[in-house]
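In this chain, numbering begins with 1 at the start of the sequence shown.
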Amino acid sequence: MGGQLIVGLDVSSRAEAEKIVAALGDDVQFYKIGYQCFYGADGYALGKDLIAAGKSVFFDLKLLDIDNTVEKGVAAIAATGAAMLTVHAYPKTLRAAAKAAAGSGLMVLGVTVLTSMDDADVKEAGYERDASGLVALRAQQARDAGIGGLVASAHEAEMVRTIVGPKLAIVTPGIRPAGSDHGDQKRVMGPAEALAAGATHLVVARPIIQAADPAVAARAILAEMAGGVRVA
């Protein structure tokens with residue numbers, strides 16, 4: 001069973017982020033830098049340094065703006081050598097991002113519905129669809145825009161795969177290994193199950209970075225991803 005583990009550096013200082021990266025060593029090659037790290041820990045510079053050190057970096061910035069602004073932002077991230085960047089999966093934004101990333105090594109990911117949202121949250125936001133219906137719509141729009149992949153709950157991964165076909169990446173947050181706390185996530189799944197459902201990349205933050213030994217926690221999740229026995 002394949003798939004890549006992406007560790008979320010959801011911390012507020014560069015020192016904390018670097019401590020996690022050092023603790024994980026060669027076990028982890030892919031890191032996500034989201035709002036907390038990007039704004040609180042000089043995550044842009046940190047990301048560039050990780051890329052220079054041979055790591056893969058996913059800037060989870062969820063861009064949404066007028067076309068020209070999105071294009072300029074995506075182009076700036078592409079110039080860093082980053083592997084992935086998120087934008088909200090609105091058609092015009094997807095097309096602008098795809099245009100800016102063309103010819104680079106940057107994979108644009110469309111965010112469908114946040115894993116912290118359920119049907120009630122989607123309804124409150126004004127959509128006349130449930131969460132799965134909105135994910136399906138966004139998946140179709142992302143496929144048609146020609147971007148590299150989608151961010152979706154593992155619960156929708158199988159459905160998304162049938163819509164986008166075999167080539168697009170499906171990146172799933174809300175991954176929780178057995179026995180871990182769900183936190184503020186509402187649509188979660190275990191590592192092996194998520195991969196079986198069609199995910200290609202699993203994003204894990206708290207179960208690793210808040211563990212007493214992050215390296216042991218990461219190896220346990222990698223073992224689950226490989227279908228192996230959970231590591232103690």
Where is the tightest heavy-atom contact between [X] and [Y], given as atom of each residue plus distance?
| X | Y | answer |
| --- | --- | --- |
| F59 | A82 | CD1-CB, 3.6 Å |
| A205 | G8 | CB-O, 3.6 Å |
| S56 | A83 | CB-CB, 4.3 Å |
| T172 | I175 | O-CG1, 3.3 Å |
| P173 | A152 | CD-O, 3.6 Å |
| P214 | A211 | CD-O, 3.7 Å |

Intermediate values then yes/no, side chain to side chain contact (heavy atoms under 4.5 Å, CB included), L85 and V74: CA-CA 8 Å; L85 169 69; V74 172; 3.8 Å; yes
Quick check for you: to the nearest 0.5 Å, what is the distance between [X] atom [atom1] and [Y] atom [atom2]?
| X | Y | atom1 | atom2 | result |
| --- | --- | --- | --- | --- |
| I208 | I6 | CD1 | CD1 | 11.0 Å |
| T112 | Q140 | OG1 | CD | 12.5 Å |
| L195 | M189 | CG | CE | 10.5 Å |
| L50 | Q29 | CG | CD | 10.5 Å |
| D119 | S132 | CG | OG | 6.5 Å |
| T80 | D49 | OG1 | CG | 11.0 Å |

side-chain hydrogen bond (donor to acceptor under 3.5 Å, both in side chains) between Q36 and S12, worked out: CA-CA 6 Å; Q36 183 179 0; S12 300; 2.8 Å; yes
Flag side-chain contact, heavy atom, 4.5 Å: [X] against [Y]:
| X | Y | value |
| --- | --- | --- |
| F58 | Y31 | no |
| V11 | I20 | yes |
| M225 | L5 | yes |
| C37 | L46 | yes |
| D130 | V122 | no |
| F30 | V7 | no |
| L61 | I77 | yes |
| V57 | I33 | yes |

Sidechain-backbone polar pair: [X] side chain, [Y] backbone, donor-acceptor under 3.5 Å:
| X | Y | answer |
| --- | --- | --- |
| R161 | G165 | yes |
| S104 | A78 | no |
| E158 | H155 | no |
| E16 | S13 | yes |
| T200 | I170 | yes |

Could you list the donor-acceptor pairs under 3.5 angstrom formed between side-chain atoms of residues 88-103 and any protein atom two or more places apart in sequence or on another chain?
unit_1: Y90; atom_1: OH; unit_2: Y127; atom_2: OH; d: 3.0
unit_1: K92; atom_1: NZ; unit_2: D67; atom_2: OD2; d: 3.3

Over 12 non-hydrogen atoms of neighbours within 6.0 angstrom of NZ in K55: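 Correct, the count exceeds 12.
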Sequence neighbours excluded - side chain to side chain donor-acceptor pair (under 3.5 Å) pairs with any residue from residues 57-66: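 Non-adjacent pairs meeting side chain to side chain donor-acceptor pair (under 3.5 Å): D60-K62, D60-T86.
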Derivation and outcome, side chain to side chain contact (heavy atoms under 4.5 Å, CB included), residues V28 and V21: CA-CA 8 Å; V28 174; V21 173; over 6 Å; no
Worked check of side-chain hydrogen bond (donor to acceptor under 3.5 Å, both in side chains) between Q141 and R138: CA-CA 5 Å; Q141 292 167 334; R138 297 298 189 221; 3.2 Å; yes
salt_bridge(K32, D10) N-O dist < 4.0 Å: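 Salt bridge between K32 and D10, a charged N being under 4.0 Å from a carboxylate O: yes.
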Ion pair check, D118 and K123, cut-off under 4.0 Å: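 No salt bridge links D118 with K123.
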Evaluation steps, side chain to side chain contact (heavy atoms under 4.5 Å, CB included), between L114 and D121: CA-CA 10 Å; L114 301 175; D121 298 315; over 6 Å; no
Which residues share a salt bridge (Lys or Arg N to Asp or Glu O under 4.0 Å) with D27, sequence neighbours left out: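 With sequence neighbours excluded, D27 shows a salt bridge (Lys or Arg N to Asp or Glu O under 4.0 Å) to R219, given in chain and number order.
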V164 vs L150, side chain to side chain contact (heavy atoms under 4.5 Å, CB included): CA-CA, chis, key distance, verdict: CA-CA 9 Å; V164 303; L150 287 156; 3.6 Å; yes
